Participant: 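Once you've had a glance at the structure underneath, I'll fire off some questions.
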Amino acid sequence: MRHESKLPNIETTIFAVMSGLANKYGALNLSQGYPNFKGDQKLYDLVNKAMNSGYNQYAHMYGCPELRLAIKNKIELLYNTSYDPETEITVTVGATQAIYTTISTFIHKDDEVIVFRPAYDSYIPSIEINGGIPISIQLKKPDFRVDWQEVKQKMSSKTKMIIINSPHNPSGTMLTHDDMLKLQELTKGTNIIILSDEVYEHLIFDDEKHHSACMFPDLKSRSFVVSSLGKTFHNTGWKIGYCCAPQDLMDEFRKLHQFTVFSVNHPTQKGIADYMEDPNSYLQLSEFFQKKRDLFLEHVKDSRFKFIPSKGTYFQLLDYSEITDENDFDFAKRLIVDHGVASIPTSVFNENKLDQKVLRFCFAKTDETLIKAGEILTKL
Ligand code: PMP
Ligand code: GLN
C-alpha cells in the first residue's frame with residue numbers, strides 16, 4: 001500500500017532505542033527516565049481501595065473531581081495562586097497527552113512555535129503533525145542559559161506558541177525568576193500561548209526554587225502549565241498527568257480532549273487524589289532525589305567525566321570530551337555493549353543533532369545500581 005508519511009523525518013524515540021539496547025545486553029539502565037524501585041505502598045493500597053470501592057467506570061471527562069481538587073490545593077500551597085477545578089484543570093494521559101492536545105488545539109498550518117533545544121522529544125513531532133513550524137533556539141553546555149535577545153529576534157507575527165521546560169530535561173538546569181520575568185515582558189500584549197512543561201516541579205535541589213508560569217499573572221493568563229503524576233509518584237507506567245490554564249484556553253483544549261481521550265484511568269486517579277491529601281507525598285521528593293544525585297556524583301567524581309551537579313529533574317549530564325571524541329550515540333552504544341551502562345545521547349534532542357559530547361544519566365535508580373554504574377564509569 002502506498003501512503004505519504006505525515007512525519008517523514010521522525011525516527012523511533014531514543015528512550016525505546018536505548019532501553020531496548022540495555023535489555024538486549026543486560027546493562028544497568030540509566031537511560032530512560034523511570035525509577036527501578038517501587039513507589040509508596042500506601043499509594044498502591046489507595047489505588048486498590050478505589051478499585052474495590054467501585055471507581056471502575058468512566059471517570060469524569062475532565063478528571064475525577066477529587067483529583068482536580070487535590071491538584072488545585074497543591075498549586076495553592078506551592079505557588080500561592082489558584083485554578084478553578086471545574087473549568088481550569090484537566091487530567092490527561094500523562095504529560096505527553098497534555099502537550100500533544102495543547103499543541104493540536106492551537107497550532108494551525110504554518111504557525112511558528114519557539115522550542116528551546118535540547119528539547120524533550122515529543123515536542124517537535126507534535127508541532128509538525130499539525131502543520132506548525134518549530135523555530136529552534138539551541139542552548140549550549142555547560143549552563144544551557146537562554147539568551148532572551150535571541151528569543152526576541154526569533155519572535156515574529158507568526159509566533160503562536162513558546163514551549164518552556166523547567167526544571168529542564170535533559171540538562172537539569174532551571175529557569176530563574178529573572179528568566180520568567182523576561183519571558184513575561186516579551187510576550188505581553190501578544191497572542192502567544194506558553195506551554196510550560198513542569199513535569200519535574202517537585203524535584204528541585206540545593207537552594208534552587210521552581211518558578212512556575214502560574215506565579216506570574218500575565219504569563220498565567222496565556223499559559224498551559226503541564227505536570228505528570230505518574231512521574232511525580234514513581235509510577236511512570238500509570239501515565240497520568242494534568243494541565244491547568246485559564247478558562248477561555250481550557251475550553252478549547254477540552255473540545256479536543258473529549259474526542260481523543262474522553263477520560264483517564266479512574267481508580268488510579270482516585271487513589272492519587274487520596275494520597276495527595278498529605279502534602280508530604282510530594283514535599284519530600286526533592287530531598288529523596290537529592291540524596292540519589294549526590295550518591296551518583298560521589299561515585300563519578302574521580303572519573304574523567306566533567307559535570308555540573310543537576311539543579312532539578314532526576315537527570316545528570318556527564319561531559320565525556322576528555323575520554324573520547326566519538327559521537328555521543330556511538331559512545332553511548334559502546335558503553336552499553338562493552339561496559340554494561342546505558343545512558344541517553346543528548347544530540348537527538350538538539351537542532352541538526354548537534355553533538356555536545358554529553359550523555360544523560362537517570363539517577364532515579366536504587367543505590368546499588370547507582371554505585372555500580374559509578375564504579376564502571378570511573379574506570380573509563
Ligand atoms: N515532558 C518531559 C520534559 C518529560 O521528561 C516527560 C517524561 N516524563 C514528559 C513530558 C512526559 O511525561 P508523561 O510520562 O507523564 O507523559
Ligand atoms: N521522560 C522520560 C525521559 O526523559 C521518558 C519518557 C518516554 O520514555 N517516553 O527519559
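Because the structure is predicted, anything quoted here is derived from the model rather than measured. Indexing begins at 1, ligand by ligand and atom by atom, following the structure's order. When reading the values below, keep in mind they use all heavy atoms of this one structure, side chains included, and skip hydrogens, waters and symmetry mates.
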Participant: Hey, looking at atom 13 (P) of ligand 1, which of A95, S166, G241 has the closest heavy atom?
Facilitator: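 Residue with the shortest heavy-atom distance to the ligand atom: A95.
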Participant: Could you tell me, atom by atom, which parts of ligand 1 come under 4.0 Å of a heavy atom of K231?
Facilitator: 7 (C), 8 (N)
Participant: Mind checking what makes salt bridge (charged side-chain N to carboxylate O under 4.0 Å, His left out) contact with D218, not counting sequence neighbours?
Facilitator: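 D218: salt bridge (charged side-chain N to carboxylate O under 4.0 Å, His left out) contacts with R222.
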Participant: Ligand 1 and D197, any nitrogen or oxygen pair closer than 3.5 angstrom?
Facilitator: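 Yes; the residue has a nitrogen or oxygen that sits under 3.5 Å from a nitrogen or oxygen of the ligand.
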Participant: Below 4.0 angstrom from a heavy atom of S228, which ligand 1 atoms are there? Numbered from 1 as shown, please.
Facilitator: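 That gives atoms 13 (P), 15 (O) of ligand 1.
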Participant: Out of curiosity, S31 OG to I336 CD1, how far, rounded to the nearest 0.5 Å?
Facilitator: 6.5 Å
Participant: Does one side chain, of D197 or Y123, offer a donor that lies under 3.5 Å from an acceptor on the other?
Facilitator: yes
Participant: What do we get for K239 next to ligand 1 when only non-hydrogen atoms under 4.0 Å count, side chain, backbone, both or neither?
Facilitator: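 Side chain only.
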Participant: Quick one: do the K74 and H202 side chains pair a donor with an acceptor below 3.5 Å?
Facilitator: yes
Participant: Could you pull out every protein residue that has a heavy atom closer than 4.0 Å to ligand 2, ordered by chain and then number?
Facilitator: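 Close residues (ligand 2, cut-off 4.0 Å): F15, Q32, G33, Y120, N169, Y200, K231, F315, R360.
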Participant: Please work out whether any backbone atom (N, CA, C, O) or any side-chain heavy atom from C-beta onward of T236 is under 4.0 Å from ligand 1, and answer side chain, backbone, both or neither.
Facilitator: neither
Participant: Do the numbers put R360 on top of the ring of F315, so that NZ or CZ is under 6.0 Å from the six-membered ring centre and no more than 45° off the axis?
Facilitator: yes
Participant: Taking atom types as modelled and ignoring hydrogens, do the side chains of T176 and D178 form a donor-acceptor contact shorter than 3.5 angstrom?
Facilitator: no
Participant: Quick one about N29 and S19 (side-chain donor to acceptor, distance below 3.5 Å, no hydrogens or angles considered), yes or no?
Facilitator: yes
Participant: ring-ring contact (aromatic ring centres under 6.0 Å, His included) for F289 and H234? Distances and angles first, verdict last.
Facilitator: CA-CA 11 Å; F289 278 111; H234 311 315; 5.6 Å; yes
Participant: Could you work out the complete set of other residues in the hydrophobic cluster of Y58, with links drawn between I, L, V, M, F, W and Y side chains under 4.5 Å apart?
Facilitator: M61, Y62, F262
Participant: In terms of residue, atom name and distance, what is the protein heavy atom nearest to atom 6 (C) of ligand 1?
Facilitator: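 Ranked first by proximity to atom 6 (C) of ligand 1 is Y120 CZ, 3.4 Å.
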Participant: Hey, what else clusters with L7 if you join Ile, Leu, Val, Met, Phe, Trp, Tyr whenever side-chain heavy atoms sit under 4.5 Å?
Facilitator: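 For the cluster that includes L7, the remaining residues are I10, Y100, I129.
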Participant: Report the part of T96 in contact with ligand 1, treating N, CA, C, O as backbone and CB onward as side chain, heavy atoms under 4.0 Å; options are side chain, backbone, both, neither.
Facilitator: both
Participant: Students should be able to answer this: which protein heavy-atom is nearest to atom 5 (O) of ligand 1, and at what distance?
Facilitator: Y200 OH, 2.6 Å
